[in-house]
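Written out below as structure tokens is the structure these notes cover.
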Amino acid sequence: MGEPKKKLIVIAGPTAVGKTSFAIKLAQALNTEIISADSRQFYKEISIGTAKPTPEELALIPHHLISSLSINEYYNVSKFENEVLALLKKLFLKYDTVVMVGGSGLYIDAVCQGIDELPDADEKLRLELNNSFNEKGLEFLLMELKKLDPDYFEVVDKSNPKRVLRALEVIKETGRTYTELRKNLKKKRSFEIQKFCLNRDREELFERISIRVDQMLAEGLLDEVKQQIPNRNLNSLNTVGYKEIFKYLDGELSLEQAITDLKTNTRRYAKRQLTWFKRDDSYTWVHPNEIAKVIESI
RNA sequence: GGUACCAUAGCUCAGUUGGUAGAGCAAUGGACUGAAAAUCCAUGUGUCCCUGGUUCAAAUCCAGGUGGUACCA
């Protein structure tokens with residue numbers, strides 16, 4: 001009869017479905033804290049456009065990994081995995097369950113099952129590869145990949161430059177093939193994991209997206225984006241809500257068109273999130289108003 | 001009330017001399033290992049406003065209706 005096992009509760013779901021308030025209610029019921037798994041809410045300079053919990057909400061329950069980084073800091077899934085595991089170790093001393101909430105599927109998976117040992121991006125090498133892509137094109141990079149790692153060449157998405165570039169990056173950095181390093185081993189965690197995915201009718205979700213974008217604008221999204229003009233080339237600002245407003249500020253789009261695009265791109269983002277969660281059958285799908293059901297099953 | 005123009009996909013619109021329809025956008029499905037709110041792939045949606053007529057054959061021509069827009073009264 002050992003200690004009861006510690007448990008991580010994952011709350012996933014598409015953007016604007018209602019994850020934030022759901023997670024807060026859940027954490028209150030379980031008397032625990034929240035870890036955010038949202039690849040944009042890490043950044044302290046961007047709050048309105050990333051739909052962070054409000055200061056009032058943050059005061060209700062301790063949140064981790066919100067506004068924990070600056071937009072010019074380099075960050076990635078692997079760092080997230082390590083950071084969350086360390087955090088959980090601490091939190092599990094105090095709590096039997098911890099809630100992790102967010103919409104970044106890859107990041108959630110890294111915590112739940114780990115991610116292979118691959119090198120981080122090397123800034124210089126990445127720049128070189130990007131230049132080579134711009135000058136010589138994807139065909140050239142594909143030929144190179146075929147030579148260096150014929151097995152990955154067979155399976156890689158040949159029209160997706162990022163996939164090809166990343167493979168070459170790993171190969172050049174390690175001197176080993178990407179195939180060899182990409183083992184896709186599922187790590188067993190020392191804690192239990194229970195995963196829920198929130199969803200609602202598509203029509204209703206889209207309506208909520210539209211309302212939320214209007215709210216962001218009312219709360220001062222334009223100003224928030226304006227402040228970040230000097231940083232616009234950072235990856236952290238390659239983000240729905242910022243890209244479209246930059247175009248408006250450039251005079252490339254009318255405000256009306258920028259808002260329309262913002263809503264469209266948010267809908268597409270929500271769709272991509274759903275595709276990610278759908279193929280993972282370890283999720284229990286629930287409606288955001290079914291919190292009682294979720295608490296009971298925990 | 002009169003005249004003119006218009007009515008085709010969710011939206012904006014193409015559609016040649018009559019041969020059962022196609023673009024853009026929106027949408028939908030999918031992929032995904034250190035850029036992931038990123039990046040990439042795939043897919044077509046129809047009472048051609050209605051009723052009748054001409055014709056082997058009508059989105060297309062003719063008549064009438066209905067609705068819209070503009071101008072005139």
Side-chain angles (χ1 to χ4, degrees), chain A residues 12-17 19 36-43 46-52 71-83 102-123 125-127 129-130 133 138 142 152 155-170 173-174 178-187 202-203 205-206 209-210 212-213 216 221 225 233-245 257 260-280:
Chain A
T15 191
V17 77
K19 295 188 292 298
S36 170
D38 184 305
S39 72
R40 289 299 184 269
Q41 291 184 2
F42 302 140
Y43 300 105
I46 51 177
S47 296
I48 299 172
T50 59
K52 275 182 199 163
I71 44 169
N72 48 50
E73 283 181 79
Y74 175 73
Y75 201 68
N76 63 44
V77 221
S78 172
K79 290 180 191 295
F80 179 76
E81 177 193 6
N82 293 329
E83 203 171 347
S104 303
L106 179 66
Y107 282 60
I108 292 171
D109 289 356
V111 170
C112 295
Q113 48 191 257
I115 192 161
D116 290 325
E117 297 281 329
L118 295 173
D120 286 350
D122 177 88
E123 205 182 336
L125 181 57
R126 185 163 280 195
L127 196 66
L129 286 166
N130 276 322
F133 168 59
L138 188 56
L142 279 168
Y152 187 63
V155 298
V156 68
D157 180 349
K158 294 184 183 59
S159 45
N160 191 337
K162 286 200 180 175
R163 294 277 125 74
V164 178
L165 284 164
R166 173 61 183 159
L168 287 171
E169 180 178 273
V170 170
E173 230 172 306
T174 61
Y178 192 48
T179 306
E180 199 181 338
L181 295 163
R182 202 164 141 271
K183 300 197 178 74
N184 197 16
L185 289 177
K186 309 256 186 276
K187 289 180 201 153
R202 188 66 62 96
E203 208 177 316
L205 182 66
F206 284 6
I209 286 172
S210 176
R212 197 174 70 176
V213 168
M216 286 176 177
L221 181 62
V225 179
N233 291 321
L234 294 171
N235 175 58
S236 47
L237 288 170
N238 185 0
T239 298
V240 174
Y242 298 83
K243 311 191 254 201
E244 299 83 2
I245 304 293
Q257 189 57 51
T260 303
D261 287 0
L262 202 175
K263 289 179 180 178
T264 300
N265 289 334
T266 307
R267 273 182 251 133
R268 288 177 175 164
Y269 169 50
K271 240 163 65 66
R272 271 178 272 133
Q273 290 175 299
L274 285 166
T275 301
W276 184 283
F277 299 129
K278 265 190 274 185
R279 77 167 175 173
D280 180 347

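A note on names: the letters A, B, ... follow the listed sequences, proteins ahead of strands, and every chain is numbered from 1. These numbers come from the heavy atoms of this one structure, side chains and all, not from hydrogens, waters or symmetry mates.
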RNA chain B in dot-bracket, Watson-Crick or G-U pairs under 3.5 Å, [ ] crossing, | other strand? (((((((..((((.....[..)))).(((((.......))))).....(((((..]....)))))))))))).

If you look at every strand shown and take non-hydrogen atoms under 4.0 Å, does [X] touch a base, only sugar-phosphate, or nothing?
| X | result |
| --- | --- |
| N130(A) | base |
| F42(A) | nothing |
| G241(A) | nothing |
| D109(A) | nothing |
| Y107(A) | sugar-phosphate |
| S104(A) | sugar-phosphate |
| Y178(A) | sugar-phosphate |
| D120(A) | base |
| E203(A) | nothing |

Separation of the [atom1] atoms in [N] and [M], to the nearest angstrom:
| N | M | atom1 | result |
| --- | --- | --- | --- |
| rA38(B) | rA70(B) | P | 42 Å |
| rU12(B) | rA26(B) | P | 15 Å |
| rC6(B) | rC48(B) | C1' | 14 Å |
| rU43(B) | rA23(B) | P | 12 Å |
| rA27(B) | rG67(B) | P | 34 Å |
| rC13(B) | rG1(B) | C1' | 33 Å |
| rC25(B) | rC62(B) | P | 35 Å |
| rG65(B) | rG29(B) | C1' | 43 Å |

Between the protein and nucleotides 41-44 of chain B, list the N/O to N/O atom pairs that are separated by less than 3.5 angstrom.
none

Does the side chain of [X] pick up a donor-acceptor pair with the side chain of [Y] at under 3.5 Å?
| X | Y | answer |
| --- | --- | --- |
| N76(A) | Y74(A) | yes |
| E83(A) | Y75(A) | yes |
| S159(A) | D157(A) | yes |

Any donor and acceptor pair, going by atom type alone, linking the side chain of [X] with main-chain N or O of [Y] inside 3.5 Å?
| X | Y | result |
| --- | --- | --- |
| T266(A) | I209(A) | no |
| Q273(A) | S104(A) | no |
| Y242(A) | G49(A) | yes |
| K52(A) | Y43(A) | yes |
| D116(A) | L118(A) | no |
| K19(A) | G13(A) | yes |
| Q41(A) | T50(A) | yes |

Measuring from K263(A):NZ to R268(A):CZ, what's the distance to the nearest 0.5 Å? 15.0 Å

So, taking the atom named CG in L181(A) and the one named CD in E173(A), what distance separates them when rounded to the nearest 0.5 Å? 10.5 Å

Separation of [X] atom [atom1] from [N] atom [atom2], in whole Å?
| X | N | atom1 | atom2 | answer |
| --- | --- | --- | --- | --- |
| N233(A) | rA35(B) | CG | C1' | 14 Å |
| R268(A) | rU28(B) | CZ | P | 10 Å |
| Q273(A) | rG29(B) | CD | C1' | 17 Å |
| N235(A) | rG34(B) | CG | C1' | 11 Å |
| L165(A) | rC40(B) | CG | C1' | 13 Å |
| F277(A) | rA36(B) | CZ | P | 15 Å |
| F206(A) | rA27(B) | CZ | P | 6 Å |
| N265(A) | rA38(B) | CG | P | 7 Å |

Could you say whether T50(A) or L185(A) is positioned toward the 5' end of RNA chain B, judged by the nucleotide with the nearest heavy atom to each?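 Whichever sits nearer the 5' end wins; that is L185(A).
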
By nearest nucleotide on RNA chain B, pick out whichever of V240(A) and K183(A) is the more 5' one. K183(A)

Nucleotide nearest [X] (side chain, heavy atoms from C-beta), chosen from [options]:
| X | options | result |
| --- | --- | --- |
| R182(A) | rG34(B), rU33(B), rA26(B) | rU33(B) |
| N160(A) | rA26(B), rG34(B), rC40(B) | rC40(B) |
| R40(A) | rG30(B), rG34(B), rA36(B) | rA36(B) |
| L118(A) | rU33(B), rU28(B), rA35(B) | rU33(B) |
| W276(A) | rA31(B), rA38(B), rA36(B) | rA36(B) |
| P161(A) | rA35(B), rU33(B), rU39(B) | rU39(B) |
| R272(A) | rA31(B), rA27(B), rG34(B) | rA31(B) |
| K243(A) | rU39(B), rG30(B), rA27(B) | rU39(B) |
| R163(A) | rG29(B), rA35(B), rU33(B) | rU33(B) |
| L106(A) | rU33(B), rC40(B), rA27(B) | rU33(B) |

Heavy atoms, side chains only, cut-off 4.5 Å: are L127(A) and E123(A) in contact?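 No - every pair of side-chain heavy atoms lies 4.5 Å or more apart.
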
Answer yes or no: is there a side-chain heavy-atom contact under 4.5 Å between E81(A) and Y107(A)?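 A side-chain contact under 4.5 Å is absent here.
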
Steps toward ring-ring contact (aromatic ring centres under 6.0 Å, His included) verdict (F42(A), F80(A)): CA-CA 10 Å; F42(A) 302 140; F80(A) 179 76; 5.6 Å; yes

Check nucleotides 9-12 of chain B for protein N or O atoms closer than 3.5 Å to its own N or O atoms and list the pairs.
none

Determine, stepwise, if the pair S210(A) / R267(A) fulfils side chain to side chain donor-acceptor pair (under 3.5 Å). CA-CA 9 Å; S210(A) 176; R267(A) 273 182 251 133; over 6 Å; no

Does K271(A) contact rG29(B) through a side-chain donor or acceptor facing the base, at a distance under 3.5 Å? yes

How would you label the glycosidic angle of rG34(B): syn (within 90° of 0) or anti? syn

